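Note that the coordinates shown come from a computational prediction; the quantities given were computed from them, not determined experimentally. Residue numbers begin at 1 in each chain, while the letters A, B, ... track the order of the sequences. Atom set for the values below is all heavy atoms of this structure, side chains included, hydrogens, waters and symmetry mates excluded.
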Amino acid sequence: MSTEPPIVSIAEISRHEGEVVTLRGWLYNSTTKGKLCFLQLRDGTGIIQCVLFKKDVEIETFDLAKNLTQESSVIVTGEVRADERSPIGFELGVRDLSLVSMAEPYPISPKEHGVEFLMDHRHLWLRSRRQHAIMRVRAEIVSAIRDYLDGHGFVLIDAPILTPAACEGTSTLFETGYFGQNAFLTQSGQLYQEAGCMAHGKCYCFGPTFRAEKSKTRRHLTEFWMVEPEAAFMDLDEDMELVEDFVMAILDRVLERRREELETLERDVSKLEAVARPFSRMSYDEAVETLKKADQPAEWGDDFGGDEETILASTHTSPVIIHRFPAAIKAFYMKRDPDNEKVVLGMDVLAPEGYGEIVGGGVREDDLASLERAIEKHGLPGEVFSWYTDLRRYGSVPHAGFGLGLERTVAWICGLKHVRETIPFPRLINRLGP
RNA sequence: UCCGGCGUAGCUCAAUCGGUAGAGCGGGUGGCUGUUAACCACUAGGUUGGCGGUUCAAGUCCGUCCGCCGGAGCCA
């Protein structure tokens, strides 16, 4: 009386050496050598080569193996054998093979494809090795973010996605209707976190954010994910310490758990391992001086573009924190530096290797009169911000926080040129599908 | 929105000075007992992005529209 072989995943195949097991998955690639057939089987946890000799299996089984199309779904039973020639150290000696579904001719061949074609087939592209690795790193980063904040006393306070007005006056918002009135997709949950931190001390939100800017660069998506911690009684120095600790925790976690994926992506891991605290702190004034020395046409009062960010970060192997920007180029809610009224207590974190700004944050204006002046000066509708100014009426305290862009962080850690590959289904200025 | 580049087979690309549209991959058929993007042979596959113009002749030159890529601005 024989028992059914256990169903196992490729990731745990090494625990079953010498045993007969059943794998369920999709045909990644195959090749035949006459009376010998190799099937590369993918199950989501890994890829293993399955080998069939014509003499060892039923003729129907061999014919099926020979005729399987790329990405056909199958159930395979066979013996797990150690083999030096295998990239994962094992292969499966097939005894039985059954078809779940024969795939139609698969559009994505193992050869090169253009970005547009691949993006049109994003739902299928996600199955490929590189995209699979990127999504796993992304998931690990998300998990590290949640674990860090949950473990450091930050309470998850979800911010709304539908909002009545801009969080920051300047950026373009996606507009939609809401039972006869105008509504907008959120471009930041921060204002709501300020309410949250007055209730919980420390809180965060982590969700999608929308910007209708017509940006066409490797750093921009119209829909992206941002994590935004906020803490009452936190000052700028503490904010910078928090972001440093936070980024290091994310990086350490990926290096600890996603080495294999980084290898698949051919990421130079030594560059990530070289990242160490403390991150350099550089004031905006110093940054402008640095740029001038590098013969950049930087003037005090200008915001930094991509090239400037790259220059500022290029002399460092770790992220660089730039702080105290001119008030005129920053959002209305930022608190002025009491030592210099021309600048605000804000900070940006620039990732190394030219990945640019991954974090923006700082101390929020906690004085009611100053905040109301700023709202008016930015031409924002005071009525829709009355709840926000209320936070300064009822027990206002100094507080600070930041927002970290998930996709830019994923791009940096994975070493990707463009953020469009860091999110499962990217939304770009000229892409809404699939 | 602005600047630059590109658009040829399902995919990635080639086509000399304006002169018979081609290759590799993928598909199909056959061969092969150790392949790793296998290889070999045969085979099918085209309104050269659309419209208009110049010319004996346009994939190639001109105009225009559409689409994509890269960059700028703005930002995470």
Trainee: With respect to the phosphate group of B/U35, does any side-chain polar atom (N or O) of A/Lys33 fall under 4.0 Å of OP1 or OP2?
Mentor: no
Trainee: Take the protein atom CZ of A/Phe304 and the nucleotide atom C1' of B/A76, then report the distance between them rounded to whole Å.
Mentor: 17 Å
Trainee: Using a heavy-atom cut-off of under 4.0 Å over every strand shown, decide if A/His418 touches base, sugar-phosphate, or nothing.
Mentor: sugar-phosphate
Trainee: Would you indicate, yes or no, if B/C68 has its OP1 or OP2 atom less than 4.0 angstrom from a side-chain nitrogen or oxygen of A/Asn430?
Mentor: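 Answer is yes, contact under 4.0 Å.
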Trainee: Near RNA chain B, which residues from residues 347-363 of chain A have a heavy atom under 4.0 Å away?
Mentor: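 Within this stretch, A/Glu357, A/Ile358, A/Val359, A/Gly360 sit under 4.0 Å of the strand.
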Trainee: For RNA chain B, what is the dot-bracket line, given that a base pair needs Watson-Crick (N1 to N3, plus N6-O4 or O6-N4) or G-U wobble (N1-O2 and O6-N3) geometry with both distances under 3.5 Å, and | means paired with another strand?
Mentor: (((((((..((((.....[..)))).(((((.......))))).....(((((..]....))))))))))))....
Trainee: Would you say A/Asn67 places a side-chain N or O within less than 4.0 Å of OP1 or OP2 belonging to B/G28?
Mentor: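 No, no such contact exists.
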Trainee: Given atom CD1 of A/Ile108 and atom C1' of B/G26, what is their separation to the nearest angstrom?
Mentor: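 A/Ile108 atom CD1 is separated from B/G26 atom C1' by 12 Å.
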Trainee: With the criterion being N/O to N/O and under 3.5 Å, what pairs connect the protein with nucleotides 2-12 of chain B, and how long is each?
Mentor:
from, atom 1, to, atom 2, distance (Å)
B/C11, O2', A/Glu112, O, 3.2
B/C11, O2', A/His113, ND1, 2.4
B/U12, OP1, A/Gly114, N, 2.9

Trainee: Using the rule given for side chain to side chain contact (heavy atoms under 4.5 Å, CB included), can you reason through A/Val21 versus A/Ile13, listing the C-alpha separation, both sets of side-chain angles and the distance that settles it, and then say yes or no?
Mentor: CA-CA 9 Å; A/Val21 300; A/Ile13 205 79; 4.2 Å; yes
Trainee: Determine the contact category for A/Thr217: base if any of its heavy atoms lies under 4.0 Å from a base atom, sugar-phosphate if only primed atoms, P, OP1 or OP2 are that close, otherwise nothing.
Mentor: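 It contacts base atoms.
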Trainee: Are side-chain N/O atoms of A/Tyr204 and A/Asp150 paired as donor and acceptor at under 3.5 Å?
Mentor: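 Indeed, the side chains of A/Tyr204 and A/Asp150 share at least one donor-acceptor pair under 3.5 Å.
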Trainee: Between B/G70 atom P and A/Met119 atom CE, what is the distance in whole Å?
Mentor: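 It is 10 Å, rounded to the nearest whole Å.
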Trainee: Under 4.0 Å between any heavy atoms, over every strand shown, what does A/Glu91 touch: base, sugar-phosphate, or nothing? Just pick one.
Mentor: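 The answer is base, as A/Glu91 lies within the cut-off (heavy atoms under 4.0 Å) of a base atom.
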